[in-house]
Amino acid sequence: MAKSVLTSQASDFPRWYQDIVAKAELADNGPVRGTMVIRPYGYAIWEMMQAEIDVRIKAAGVSNAYFPLLIPESYLRREAEHVEGFSPELAVVTYGGGKQLEEPVVVRPTSETIINSYFAKWIQSYRDLPLLINQWANVVRWELRPRLFLRTTEFLWQEGHTAHASATEARDFALTILSDVYQDVMENVLAIPVLRGRKTDNERFAGATTTWTCEAMMRDSKALQMGTSHELGQNFARAFDITYLDESGTQSFVWQTSWGVSTRLMGALVMVHGDDNGLRLPPRLAPVQVVVILARADDGAAEAAVTLAAELRSSGLRVDLDTRTDTSFGRRVVDWELKGVPLRVEVGPRDLAEGVVVLARRDTGTKTSVPLPGVVAEVTTALDAVHGALFDEAAELQRSRTVKVDSLEDAEKAAASGFAVIPMSVVGADGETTLNRAGISVRCIQSADGGLPGAGDDETSDSSLVAVVGRAY
RNA sequence: CGGGGAGUAGCGCAGUCCGGCAGCGCACCUGCUUUGGGAGCAGGAGGUCGCGGGUUCAAAUCCCGCCUCCCCGACCA
C-alpha cells in the first residue's frame, strides 16, 4: 500500500503546501530571501495561464508593451498616496558603474509612474483615447515574510494601464477586465470560483479611487486575493500631467485604470485543488493532460502504448508517454499524481488481452476499463468532467463555509472556519479595525445579492451593502 | 522592530546535558533480482558539524563573541 508522500492537509496545511511546491517540482527558494526559482514544470503551468490571460486581454482591445525595470526615485514621489503605500517595500539602487548614482533608481514595485510619464507624452488629443496598454513583467516588493508564489519579493505578473476620456468609461473598463478577463480565466481555466467585490478604503491600492477584487477560498478556508482592477480616477493624470484636447477644444485630464494578476495564481491553484496525494490540475491548464503509462512491457504492450499516445496527441491533447519500466509502476503512478496530471491511461498486457485499457481520474481516483477504440472519446469527455468536478468541489467548499451573521462577534467566530457575510451597516466606522485586530479582514464589499455595488454606491447611500470577511493570505 | 526556536551530507533529523573514530532515514551511484499502486539485497560516493576565538592530550559537544535562517505579532498581488 502507498504510504503518504506529503504532510497531510489536516495535520499542517502550510507544511503540506511547501511539500507540494517542492515535490511537484514547481519552485525552489532563490538564494536571496524572498526570491523564487520557478522550475520547468511550474513555469509550464504559468505559461498556460499567461496564454489564457493574454488572449483575453487582447480581446478587450489592449496592446502589449514593455517599460523599464529601473525607475527614477523621483517618479514614485509624484503621487502622494502611491509613494506612501510603496515606500516600505522598495528596493533602491544607489550604486551603478562602480560609483554612487546622482539620483537613486528604484526597482519597479509596479509601473504606474513610469508608464504614466509616457502616457503624458503620447496622449494629446481625444483621438488618442482610449489608450490601452499591458505589460508582462517582474516586479520587486521587499517582503518580510515570503512564501513561494503567495508572497515573494520578486514576482511575475501582468499589469494593465489605461487612459480614458470619462470616469464612466474608465470604470466600465476596470470592471470589464475584472469580469471578462480575470473572473473568466479563474473560473473557466483555473476552475476556481471567485467572489467579486470592492475593496474597503483600507485595502484599496495606493493611489486608486476604487479597487475591485476577485477573492477565492482556499482549502483551509482562508481567503486569497486573486486579482485586482483599479479605478485611478485622475490621481495619476494630475501627478503626471496627462491631458488631452477634447472635441470642444478644452484641455482635460484623462481617467485611468490599472489591473494585475500575478504568479500568486499558482499558489491559489495549489491551495484550492491540491489534496493529500498532491496537485490536481484543471485540464485546460495542465501542461500534460493525459499520461499514457505502460504497466508492463510484455506482449506488445509497449507498442500499444506508443500507438495510443500518438492517437491522443493527434486529437489535439497534451500527452506524455511513460514507458520507464525500469521504475516500478507504483512509483510512477505516485509521481504523476503528485504532479496533478488530470488523467492517466494505464496500458498493460492483461487488459490488452481483453482489448481494454484503464482510464484513471486524478480528481476522484476512479478507474474505469475502456475498450481501445473508444479511448480518445472517453478521454475528451473525462477531461471536461474533471474541470467541472474541480470547480464544483471548490464552490461547494466555499458555499458550505460561508455564513451570514449580524454582529462582529459572530463574524469573528465564523471566520475561524470560513467566510462571514455581514451587513456594512453593522461593520460601521470602527468594525474593520476591530476585525483586523482579531486577524480578520474585509475581503470585499458586495451588494446584498452577492453582486457588485453600483456606481457611486457606498455604505451610507446603500444600506443593503454587505462585507465578506475572513482570514486571508 | 518585540516574543520564541534552529544552524551537523542534496533534503529531513539524531548526537550536545555527561568532551573520546561524525551517524540515521530519504535521495544519489554500481550490480543482480524485480516491475498491474512509492520494490529487495549487496556494494559505494558524499561533511569547513554556521563563523571566529578560547579551555583541553582531545571539542559537533564546554566558555566568549559574531553571523544567518525559521516561526508568531504591525504591511502587501
Side-chain angles (χ1 to χ4, degrees), chain A residues 1-7 12 14-15 18-19 22-23 28-29 31-34 84-90 108-110 137-147 149-160 182 199 202-206 208 211-216 223-230 258-268 277-278 293-299 301-302 305 322-338 344-353 356-358 360 365 367 369 433 436-439 441 472-473:
Chain A
M1 244 350 245
K3 55 186 175 191
S4 77
V5 187
L6 302 164
T7 306
D12 187 345
R15 181 74 178 272
Q18 287 183 337
D19 282 0
K23 294 193 171 164
D28 265 346
N29 281 303
V32 173
R33 179 177 156 76
E84 190 189 336
F86 281 103
S87 286
E89 26 186 11
L90 287 184
R108 62 179 164 223
T110 178
N138 57 339
V139 287
V140 168
R141 298 178 187 178
W142 218 260
E143 287 292 347
L144 303 174
R145 295 185 50 199
R147 289 244 269 154
F149 291 118
L150 298 174
R151 193 191 298 115
T152 48
T153 286
E154 179 190 7
F155 57 89
L156 307 183
W157 76 344
Q158 59 69 216
E159 49 177 323
Y182 294 163
K199 283 294 189 185
N202 204 22
E203 307 247 339
R204 188 163 36 80
F205 175 75
T211 289
W212 301 95
T213 182
C214 289
E215 302 277 329
L224 183 73
Q225 179 173 305
M226 304 258 301
T228 46
S229 185
H230 317 290
S258 71
W259 26 276
V261 292
S262 72
T263 36
R264 171 177 273 189
L265 291 178
M266 294 285 294
N277 293 320
I293 180 166
L294 180 61
R296 304 176 57 107
D298 315 344
D299 302 331
D322 182 354
T323 57
R324 299 170 297 166
T325 44
D326 54 342
T327 302
S328 78
F329 177 74
R331 174 53 178 258
R332 290 181 289 142
V333 166
V334 167
D335 281 347
W336 291 114
E337 285 181 343
L338 260 173
R344 217 166 52 239
V345 176
E346 302 176 356
V347 178
R350 287 210 298 264
D351 291 331
L352 283 176
V356 300
V357 293
V358 170
K367 294 183 179 186
S369 281
T433 316
N436 288 353
R437 271 199 276 270
S441 55
Y473 279 94

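Numbers restart at 1 for each chain; the letters A, B, ... are given by sequence-line order, proteins then strands. Since this is a predicted model, take the numbers as computed values, not measurements.
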Nearest-angstrom distance from the residue atom CZ of A/Arg350 to P of B/U35: 11 Å
Quick one: on RNA chain B, does A/Asp326 or A/Asp335 contact a more 5' nucleotide (nearest heavy atom)?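 Mapping each residue to its closest nucleotide by heavy atoms, the 5'-most match is A/Asp326.
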Hey, is A/Arg344 close enough to A/Glu337 for a salt bridge, meaning N to O under 4.0 Å?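 Yes, A/Arg344 and A/Glu337 are salt-bridged.
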Is A/Lys199 paired with A/Glu215 through a side-chain N to carboxylate O contact shorter than 4.0 Å? yes
Annotated protein contacts, base or backbone, on nucleotides 28-33 of chain B with a non-hydrogen cut-off under 4.0 Å, one of B, S, - each: ------
Which parts of nucleotides 70-77 of chain B does protein reach within less than 4.0 Å, heavy atoms only, written one letter per nucleotide 5' to 3' as B for base, S for sugar-phosphate only and - for none? S-SSB-BB
Within the 4.0 Å heavy-atom criterion, would you say A/Thr327 contacts the bases, only the backbone, or no part of the nucleic acid? base
When we call it a touch if two heavy atoms are under 4.0 Å apart, what does A/Lys367 touch: a base, just sugar-phosphate, or nothing? base
Identity of whatever pairs with [N] - Watson-Crick or G-U, under 3.5 angstrom:
{"N": "B/G19", "result": "none"}
{"N": "B/G73", "result": "B/C1"}
{"N": "B/C26", "result": "B/G10"}
{"N": "B/G46", "result": "none"}

So, is A/Ser328 near the phosphate of B/U35, with a side-chain N or O under 4.0 Å from OP1 or OP2? no
Would A/Phe149 and A/Tyr473 satisfy ring pair (Phe, Tyr, Trp, His ring centres under 6.0 Å), going step by step from the backbone distance to the final call? CA-CA 11 Å; A/Phe149 291 118; A/Tyr473 279 94; over 10 Å; no
